[in-house]
Amino acid sequence: VQDVFAHTPRADIYHLLKSIVIFTGIAELLGAALLFFRWGREYTWDKALFYAVFHSVSAFCNAGFALFSDSLEGFRADPFLVSTIGFLIILGGVGFPVVYDMYITASRRHKRQRLSVQTKSVLTVTVILIVVGMLVFWEVERNTAFSGYSWSETMLASFFQSITSRTAGFYTVDMTAFSERSLAFMMFLMFFGASPGSCGGGVKTTTLAVISVFAWSRTRRQTRVNMFKRSVPTETVTKATSLILLSITFIGLILYLLLLSNEGDAGGLGSAHGSFMPLMFEAVSAFGTVGLSLGVTAGLNSFGKVLIILTMLVGRIGILAFYYRAVRRQRD
């Protein structure tokens with residue numbers, strides 16, 4: 001816990017955990033209330049309440065499970081529902097350390113308490129990814145997957161797809177309708193995923209921030225890596241680089257094993273994108289614990305499903321944790 005909340009004093013862990021429980025309860029109750037208000041007009045009150053609580057928890061926890069066979073496709077033109085689910089996903093994916101740091105900073109504004117570098121980097125990268133993702137999906141798919149949509153529906157679908165591709169797994173547009181350009185960009189979003197201490201997986205937004213700043217510093221021939229006028233420790237840069245390399249290697253290995261175990265498309269994996277793209281998408285999605293798929297999950301054989309399960313576990317707990325544990329056992 002202390003490693004995740006690196007900027008928080010150790011003595012404050014109890015209050016930190018208490019605030020996490022309170023924040024989670026408030027966010028999910030508020031989300032459930034808004035969804036109940038929406039679905040209360042369509043279903044009986046008990047069914048609307050169950051749907052509201054289930055989807056609020058699923059969205060905040062970035063689980064992506066929906067009680068509709070087509071996820072949220074039937075509500076793609078509903079800005080109230082899509083926005084509610086979207087912001088619940090953001091709250092769950094931004095990370096509890098960020099929320100806690102913002103709360104502490106707001107409550108101590110007269111003591112010149114400042115946001116930590118981690119909080120600033122998470123908020124900056126999150127906003128950039130959402131905005132850039134929204135623009136990319138709008139530009140690439142407005143005449144393909146979003147053809148026939150109105151301007152507002154296209155922007156709403158682009159906004160939601162940009163959010164859900166990083167962490168959640170809900171979808172308002174059929175995944176098989178997207179072009180390979182969009183699928184490749186989705187894999188980029190899924191790979192980096194959510195933020196440290198959040199409900200999402202991936203290598204985290206802070207890793208993307210550190211790697212980006214490190215690359216920028218090297219292109220300018222600077223020996224120090226600075227972020228928000230603070231020097232980033234060499235250990236942090238090394239850890240981020242190791243995480244990226246180990247994650248890419250692990251996903252590549254899983255992809256190759258999936259291709260071997262489903263050779264000849266025996267698992268019924270044929271699609272408009274062949275078999276390589278769906279399997280690669282499946283592997284990256286599992287590593288980021290996103291849950292999006294091109295419909296090949298059920299077609300995997302038993303070995304392939306075990307690989308996906310392992311990938312989800314490693315992606316959620318963290319590949320560095322598995323690696324360090326393996327090294328420690330070898331030394332012992």
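Basis for what follows: all heavy atoms, side chains included, without hydrogens, waters or symmetry-related copies. Sequence positions, counted from 1, serve as the residue numbers for this chain.
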Salt bridge (charged side-chain N to carboxylate O under 4.0 Å, His left out) contacts in which one or both residues fall within residues 222-232, not counting sequence neighbours: none

Could you list the residues that satisfy side-chain hydrogen bond (donor to acceptor under 3.5 Å, both in side chains) with Thr144, not counting sequence neighbours? Glu141

Looking at residues at least two apart in the chain, or sitting in another chain, which of them share a ring-ring contact (aromatic ring centres under 6.0 Å, His included) with Phe191? none

Let me check something: any side-chain donor-acceptor pairs from residues 154-161 under 3.5 Å, sequence neighbours excluded? List them with distances.
unit_1: Thr154; atom_1: OG1; unit_2: Ser150; atom_2: O; d: 2.9
unit_1: Ser158; atom_1: OG; unit_2: Trp138; atom_2: N; d: 3.4
unit_1: Ser158; atom_1: OG; unit_2: Thr154; atom_2: O; d: 2.8
unit_1: Gln161; atom_1: NE2; unit_2: Ser165; atom_2: OG; d: 3.2

Assigning hydrophobic clusters by single linkage (Ile, Leu, Val, Met, Phe, Trp, Tyr; side-chain heavy-atom cutoff under 4.5 Å), is Leu253 placed with Ile251? yes

Salt bridge (charged side-chain N to carboxylate O under 4.0 Å, His left out) contacts in which one or both residues fall within residues 189-211, not counting sequence neighbours: none

Indicate yes or no for a side-chain donor-acceptor contact from Thr164 to the backbone of Gly169 under 3.5 Å, with no hydrogens or angles considered. yes

Thr205/Arg166 under side chain to side chain contact (heavy atoms under 4.5 Å, CB included): CA gap, chis, key distance, verdict: CA-CA 10 Å; Thr205 53; Arg166 288 179 44 235; 3.5 Å; yes

Look only at the side chain of Ser261 and the backbone of Leu258, and say whether a donor-acceptor pair between them is shorter than 3.5 Å. yes

Determine which pairs satisfy side chain to side chain donor-acceptor pair (under 3.5 Å) with at least one residue from residues 243-253, sequence neighbours left out, and list them in order. none

Over 60° means perpendicular and under 30° means parallel, so classify the ring planes of Tyr103 and Tyr100, tilted if in between. tilted

Apply side-chain hydrogen bond (donor to acceptor under 3.5 Å, both in side chains) to the pair Thr206 and Ser121, showing each step before the final yes or no. CA-CA 6 Å; Thr206 49; Ser121 63; over 6 Å; no

Residues forming a salt bridge (charged side-chain N to carboxylate O under 4.0 Å, His left out) with Glu235, sequence neighbours excluded: none

Taking all heavy atoms of Pro79 and all of Ser83, pick out the closest pair and write down the distance. O-OG, 2.6 Å

Side chain to side chain donor-acceptor pair (under 3.5 Å) pairs touching residues 49-66, sequence neighbours excluded, are Asn62-Thr167

Identify all side-chain donor-acceptor contacts of residues 307-314 below 3.5 Å with residues at least two apart in sequence or on another chain.
unit_1: Thr311; atom_1: OG1; unit_2: Leu307; atom_2: O; d: 2.7

Pairwise side chain to side chain donor-acceptor pair (under 3.5 Å) hits with a residue in residues 63-77, at least two apart: Arg76-Glu153

Looking at Ala194, is its backbone amide N or carbonyl O close enough to the side chain of Ser198 to form a donor-acceptor pair, meaning the two atoms are under 3.5 Å apart? no

Would you please name every residue forming a salt bridge (charged side-chain N to carboxylate O under 4.0 Å, His left out) with Arg142, sequence neighbours left out? Glu139

For residues Leu129 and Val140: do they belong to one hydrophobic cluster (side chain heavy atoms under 4.5 Å, members Ile, Leu, Val, Met, Phe, Trp, Tyr)? yes

Applying ring-ring contact (aromatic ring centres under 6.0 Å, His included), can you list everything that pairs with Phe287, at least two apart in sequence or on another chain? none

